[in-house]
Each structure stands twice: as structure tokens, then as C-alpha cells.
K.L.:
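Before we start, here is the structure in question, set down as C-alpha cells.
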Amino acid sequence: EITAQALALKPGDPALAMTYAKSALHEGRPDLAGSALEQAEPNVDNDWKFYSMIGICFDQVGDHANAQLRYMRALRISPDHPKVLSNLGLSQALSGDPAQAEKTLRRAVGLPEADAQIRQNLALVLGVQGKFEEAAKLSASDLPQTIVRENNDYYRSLLSQDRHWGALKDTDE
């Protein structure tokens, strides 16, 4: 790939690293994406998108603590950015803190720029905590009723299997 060759010539270039990372993430290689971004990180000035993307890479390889540090850095640059808050909330959920994830995602949903994906992320966190009615109500604003019911059935099945939130991070998305 041309981007990989260019990045080999300029390994600390943030723009090249971002382009390469997007491609690597699309191919299911968050390890390669994160490595390229980490190399470029010392050369980044106030780019919330960069820090959010490296956070995504860390989350995908299971390093939620480092992911959350990057999301917090992105939020210092772009306070109350709903997509960054959503990423942070999902990371908190994956690290076993659904209560904090819910708070973070509620904050994101309350912003005017919040979109359907952010609302569905909150619905997911509510559902896996057993807050089925609230999850369904939130989901119903964006999804057909049949999908809302299927999602709630799925959340119930997860909880009825005597599983807890921490075990969910080991399931497929």
C-alpha cells in the first residue's frame, strides 16, 4: 500500500499516520493502526480527531486505560464533543464500569450534535444493566420496533445467562 510506504519514509507524520490508521482499522488491524499513531503522537498539536482515533485503537486491542487517557486528551482540545464522549463511554463500559459509562453517554446524548449512533450506544449500556424499558424508549426514537424488541431480548438473554457486564467485553460485537 502506498500509504504504508510513505509512512515508512516519514514515520512521525501525523497526517500520514491518520490515513494509514484509518485503512488499518478498516482491515481489522488496530495493532498496526495504533503503532503508527503512537509513533506520530509526539508530533501532534491539538488534534482531537487524532487522539480519538488512537483511543479507538487502544480500545480495540483491549487497552482501555490508555484509550481513556487519549479520549480525555481529545476532550481537553474539543470539550463536550459528543463523538469523543461516546467513545469514552463505550471504553468505560468495556473496562467494566457501566455506571460511569452511562453518565458519560447521557452527557453525550444531551448535546445538540448527538446522533442516532450515540443514542444507541447509551441504549446498549442501559440494556446490559437491565434497564430494558429505558433502553427501549431511547432506541425507539431511531429504530423500528422489531429491532428494539430484538435488542431487548438480546440484553435479557445476556443477563439471564448469569453473566455480568465484565463478561460482555469478551463477546463479539
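Residue numbers start at 1 and run along the sequence shown.
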K.L.:
Can you tell me how far CG of Asp63 sits from CG of Leu94, rounded to the nearest 0.5 angstrom?
P.N.:
12.0 Å
K.L.:
Quick one: closest heavy-atom pair of Ala17 and Ala36, and the distance?
P.N.:
CB-O, 3.6 Å
K.L.:
Check for a donor-acceptor pair, side chain of Glu102 on one end and backbone N or O of Pro98 on the other, with a separation under 3.5 Å.
P.N.:
no
K.L.:
So which atom in Ala123 and which in Ser139 form the shortest heavy-atom distance, rounded to 0.1 Å?
P.N.:
CB-OG, 3.3 Å
K.L.:
Filter on salt bridge (charged side-chain N to carboxylate O under 4.0 Å, His left out), then keep only pairs touching residues 76-92, sequence neighbours left out; what's left?
P.N.:
Asp80-Arg107, Lys83-Asp115
K.L.:
Looking at side-chain heavy atoms only, is the closest gap between Lys22 and Leu25 below 4.5 Å?
P.N.:
no
K.L.:
Can you check whether Leu75 reaches Pro79 side chain to side chain, under 4.5 Å on heavy atoms?
P.N.:
no
K.L.:
In Å, rounded to the nearest 0.5 Å, how long is the span from CD of Gln120 to CG of Asn151?
P.N.:
7.0 Å
K.L.:
Could you pull out every donor-acceptor pair under 3.5 Å between side chains of residues 49-56 and any protein atom, sequence neighbours left out?
P.N.:
from  : atom 1 : to    : atom 2 : distance (Å)
Tyr51 : OH     : Arg73 : NH1    : 3.2
Tyr51 : OH     : Arg73 : NH2    : 3.2
Ser52 : OG     : Asn87 : ND2    : 3.0

K.L.:
Taking all atoms of both residues into account, what is the closest heavy-atom pair of Tyr155 and Ala135, and its distance?
P.N.:
CE1-CB, 4.4 Å
K.L.:
Can you list everything that forms a salt bridge (Lys or Arg N to Asp or Glu O under 4.0 Å) with Arg29? Sequence neighbours excluded, please.
P.N.:
Asp31
K.L.:
Decide whether Leu88 and Leu37 are clustered together by the hydrophobic rule: side chain heavy atoms of Ile, Leu, Val, Met, Phe, Trp, Tyr closer than 4.5 Å, transitively.
P.N.:
yes
K.L.:
If Ile, Leu, Val, Met, Phe, Trp and Tyr residues are connected whenever their side-chain heavy atoms lie under 4.5 Å apart, and connections chain through other members, are Tyr71 and Leu111 in the same group?
P.N.:
yes
K.L.:
With distance as the sole test, does Asn43 use its side chain to make a donor-acceptor pair with the main-chain N or O of Gly12 at under 3.5 Å?
P.N.:
yes
K.L.:
Please list, chain by chain and in numerical order, all residues satisfying side chain to side chain donor-acceptor pair (under 3.5 Å) with Gln68, sequence neighbours excluded.
P.N.:
Ser91, Ser95
K.L.:
List the atom of Ala93, the atom of Ala101, and the distance in Å for their closest heavy-atom pair.
P.N.:
N-CB, 3.6 Å
K.L.:
Indicate the atoms forming the closest heavy-atom contact of Leu32 with Ala24, along with that distance.
P.N.:
CB-CB, 4.3 Å
K.L.:
Not counting sequence neighbours, which residues clear salt bridge (Lys or Arg N to Asp or Glu O under 4.0 Å) with Glu27? List them please.
P.N.:
none
K.L.:
For Asn121, enumerate each residue passing the side chain to side chain donor-acceptor pair (under 3.5 Å) test, keeping only those at least two apart in sequence or located in another chain.
P.N.:
Ser86, Gln117
K.L.:
Can you list everything that forms a salt bridge (Lys or Arg N to Asp or Glu O under 4.0 Å) with Glu134? Sequence neighbours excluded, please.
P.N.:
Arg106
K.L.:
How long is the gap from CZ on Arg149 to CG on Leu143, to the nearest 0.5 Å?
P.N.:
12.0 Å
K.L.:
Using the test side chain to side chain donor-acceptor pair (under 3.5 Å), find all partners of Glu41 that sit at least two apart in sequence or belong to another chain.
P.N.:
Arg70
K.L.:
Measuring from Leu85:CG to Lys103:NZ, what's the distance to the nearest 0.5 Å?
P.N.:
14.5 Å
K.L.:
Using the rule that two of Ile, Leu, Val, Met, Phe, Trp, Tyr join whenever any of their side-chain heavy atoms come within less than 4.5 Å, decide whether Val109 and Val84 are in one cluster.
P.N.:
no
K.L.:
Which residue pairs satisfy the ring-ring contact (aromatic ring centres under 6.0 Å, His included) criterion with at least one member in residues 113-136, sequence neighbours excluded?
P.N.:
none
K.L.:
Hey, any chance Val148 and Tyr154 share a hydrophobic cluster, counting ILVMFWY side chains that come within less than 4.5 Å of each other, even indirectly?
P.N.:
no
K.L.:
Tell me, which pairs form a ring-ring contact (aromatic ring centres under 6.0 Å, His included) where one or both residues lie in residues 80-128, sequence neighbours left out?
P.N.:
Trp48-His81
K.L.:
Nearest heavy-atom pair of Ala114 and Ala108: which atoms, and what distance?
P.N.:
CB-O, 3.3 Å
K.L.:
Would you please name every residue forming a side chain to side chain donor-acceptor pair (under 3.5 Å) with Asn152, sequence neighbours left out?
P.N.:
none
K.L.:
Do Leu69 and Asn66 touch side chain to side chain, with heavy atoms closer than 4.5 Å?
P.N.:
yes
K.L.:
State the CG-CG distance between Leu138 and Leu124, to the nearest 0.5 angstrom.
P.N.:
11.0 Å
K.L.:
Are the side chain of Ser141 and the backbone of Lys137 linked by a donor-acceptor contact shorter than 3.5 Å?
P.N.:
no
K.L.:
Who passes salt bridge (Lys or Arg N to Asp or Glu O under 4.0 Å) against Asp142, sequence neighbours left out?
P.N.:
Arg119
K.L.:
Would you say CD of Glu133 has more than 12 non-hydrogen atoms from neighbouring residues, nucleotides or ligands within 6.0 angstrom?
P.N.:
no
K.L.:
Let me confirm one number: the OG1-CG distance from Thr104 to Leu90, rounded to the nearest 0.5 Å.
P.N.:
10.0 Å
